[in-house]
Amino acid sequence: MEDHAIIELYFQRDEGAIAASGEKYGNYCKSIALRILENMETSDECVNDTWFRAWNAIPPERPKTLRTFFGAITRNLALNRARDLSREKRGGGQAILALDELMESIPNVSGTERVLENREITASIERWLETLTKEKRAAFILRYWHCESAAEIARRLGFTQSKTNSLLQRLRVSLKNHLEQEDVFI
Amino acid sequence: MKQDRLAQCIGDVDGKYVQEAEQYKKKSRSSFIKWGAAAACLCLLLVVAAARAIVPNAPAALDEVPNAGHALLVPAIELPEDGDEEIQMSMIALIVYKGHVYTQTSWYDGEEGERVERLVAERLGYAKGGINEWSKQGDYAVEFASTVVGDVYALEGYSPAFRICIKGYDEDENGNKTPNVQFFENLNGIGITTGRDLFGDRLGMLEKWEYIEYQEHSNWDNGAPDYVFHRLQSVSGEEIDAFMEALYAGEFEYVYESDPDFYFNSRQTHLFIHMDDDTVVELRLFEGGYVGYQHMGWYFVKMPGEAFDLLFEACS
């Protein structure tokens, strides 16, 4: 089913929207959750929750691309779940490592900062992404959006693992510098 | 926590960046190997899983590696039919040769490339590109259709029914060229029964192994700042031979059917078998006696016993 037809089902409050979403994007969302949670059962729960989050969001929202709209919801649900599991010391895996790495990108307090809305921080991150080459942007997104391991990214990009790690480390520092320059306080 | 908030904001970036990353394909560093213009996307795991579900497989037999009579048939890679195009795909380089899809496995460059270059044998043809993530099954029937382009060669010591390669060159800023060799292997649409079918008949591990390195799974998986490979020295050559013989004799299992969480729940370690022809075979060992070829997904030889335990504990 075409995306616009699925979105129309949501707008008409037709529950067929959920079945159509699952049929078309279930595998995609599950692959995202599975990478973060490394567990089939909890990944399935996240994917199921994704459709209900979408049900509550559309309308009013009308996503530009359903695929990444659903993917982002699944990712956030899975990351929250991974953090819970980590607190309970029951795992969390690759996702927690990726989150912890992001500490290096948190700007230092400068005294002039103001607390921004999430969407303003996201806009700043997007401005930074635009300054990167496609290759670096892909590495960053694969690690910190998809929570792929450095080994997986190395294989995808044709790098050695150590080169991938060093690239990711430089990107984290670069993001930090950018956020500091834009006075973004998190 | 602050990093959670930052992660959430990264999650909210425009979907175009996510799509771009998902479709990004590595650039060849070679002056001879050029990637095709379209995205080269194929998720072996899901597509093979889909193939298992929807395609009754009858892969064409290769003369040199017969499939008939085997206990397990690894399904041929099939692209989804129209309407299923949203099956998730990720990037794997591939070449169609004699009707089979060969997927990229190892890549040797630098000094390794110079050593492995001597194995490059008869030229088989030219991989001409033409496959992208929107390709349908019919596109895969075209000989030397591929997601990479370059000259395709056989490799000395290996059947082209199993392993072929693309050879190219890396060029530094001074114009000095060093060879790089990418291996492509036919690991789908094949019949397998025991470990001998892959590790013996195709790879010749028992005869060719020279030494072993291992990498602990946490180091392999976790993006540690430095990857650490240990030379396996605490196990004798005879004991390694015994492991290989048990591996040859063990039967293959498709572990996804018995335990979909297999990959995530078991203790595991990674072995790098350095062969006397300077190639490297990467094995993945799981507690309980399971040994898999790194490039072959959920197919594992089950070989519990003393020979396995000795090596597994020495490498964990």
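Remember, predicted model here, so these are calculated numbers, not experimental data. Letters A, B, ... are given to chains in the order of the sequence lines, protein chains preceding strands, and every chain is numbered from 1.
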Rounded distance (nearest 0.5 Å) linking atom CG of A:Leu102 with atom CZ of B:Arg5: 14.0 Å
Around A:Glu23, counting heavy atoms of other residues, nucleotides and ligands shown, do more than 12 lie under 6.0 Å from its CD? no
Reported CD-to-CD distance for the pair A:Glu148 and B:Glu22, which is rounded to 0.5 angstrom: 9.0 Å
Nearest heavy atoms of B:Val18 and A:Ile141, plus distance in Å: CA-CG2, 4.0 Å
Closest heavy-atom pair, A:Ala138 versus B:Ala21, reported as atoms and distance to 0.1 Å, is CA-CB, 3.8 Å
Which atom names give the shortest non-hydrogen contact between A:Leu99 and B:Ala7, and what distance separates them? CD2-CB, 3.1 Å
Per-residue tally against chain B (heavy atom, under 4.5 Å) across A:Thr68, A:Leu175, A:Ile153 peaks at A:Thr68
Test side chain to side chain contact (heavy atoms under 4.5 Å, CB included) on A:Ile121 and B:Gln8 and set out the steps. CA-CA 10 Å; A:Ile121 298 171; B:Gln8 193 182 341; over 6 Å; no
One should read off an interatomic distance between B:Asp12 CG and A:Asn76 CG, to the nearest 0.5 angstrom, of 6.0 Å
How far does CD1 of B:Ile10 sit from CD of A:Glu126, to the nearest 0.5 angstrom? 11.5 Å
Measure from the side-chain N and O atoms of A:Thr122 to the backbone N and O of B:Cys9, and report whether any donor-acceptor pair falls under 3.5 Å. yes
Greatest number of heavy atom pairs closer than 4.5 Å to chain B - which of A:Thr65, A:Asp100, A:Thr164, A:Leu129: A:Leu129
Do you know which of A:Glu152, A:Gln169, A:Arg137 has the most heavy-atom pairs with chain B at a distance under 4.5 angstrom? A:Arg137
Where do A:Ala72 and B:Gly11 come nearest, in terms of heavy atoms and distance? CB-O, 3.7 Å
In this structure, are over 12 heavy atoms from other groups packed under 6.0 Å from A:Phe11 atom CZ? yes
Tell me, for A:Phe69 versus chain B, whether the close heavy atoms (under 4.5 Å) come from the side chain, the backbone, both or neither. neither
Please check if the number of heavy atoms outside A:Gln12 that lie under 6.0 Å from its CD is greater than 12. yes
A:Arg13, CZ: over 12 other non-hydrogen atoms inside 6.0 angstrom: yes
Select one option (side chain, backbone, both, neither) describing which atoms of A:Lys30 are under 4.5 Å from chain B's heavy atoms. neither
Drop me the distance from B:Tyr17's OH to A:Glu130's CD, to the nearest 0.5 angstrom. 3.5 Å
At a heavy-atom separation under 4.5 Å, does A:Ser105 approach chain B through its side chain, its backbone, both, or neither? both
Measure the spacing between CG of A:Asn80 and CG of B:Asp4 and express it to the nearest 0.5 Å. 8.0 Å
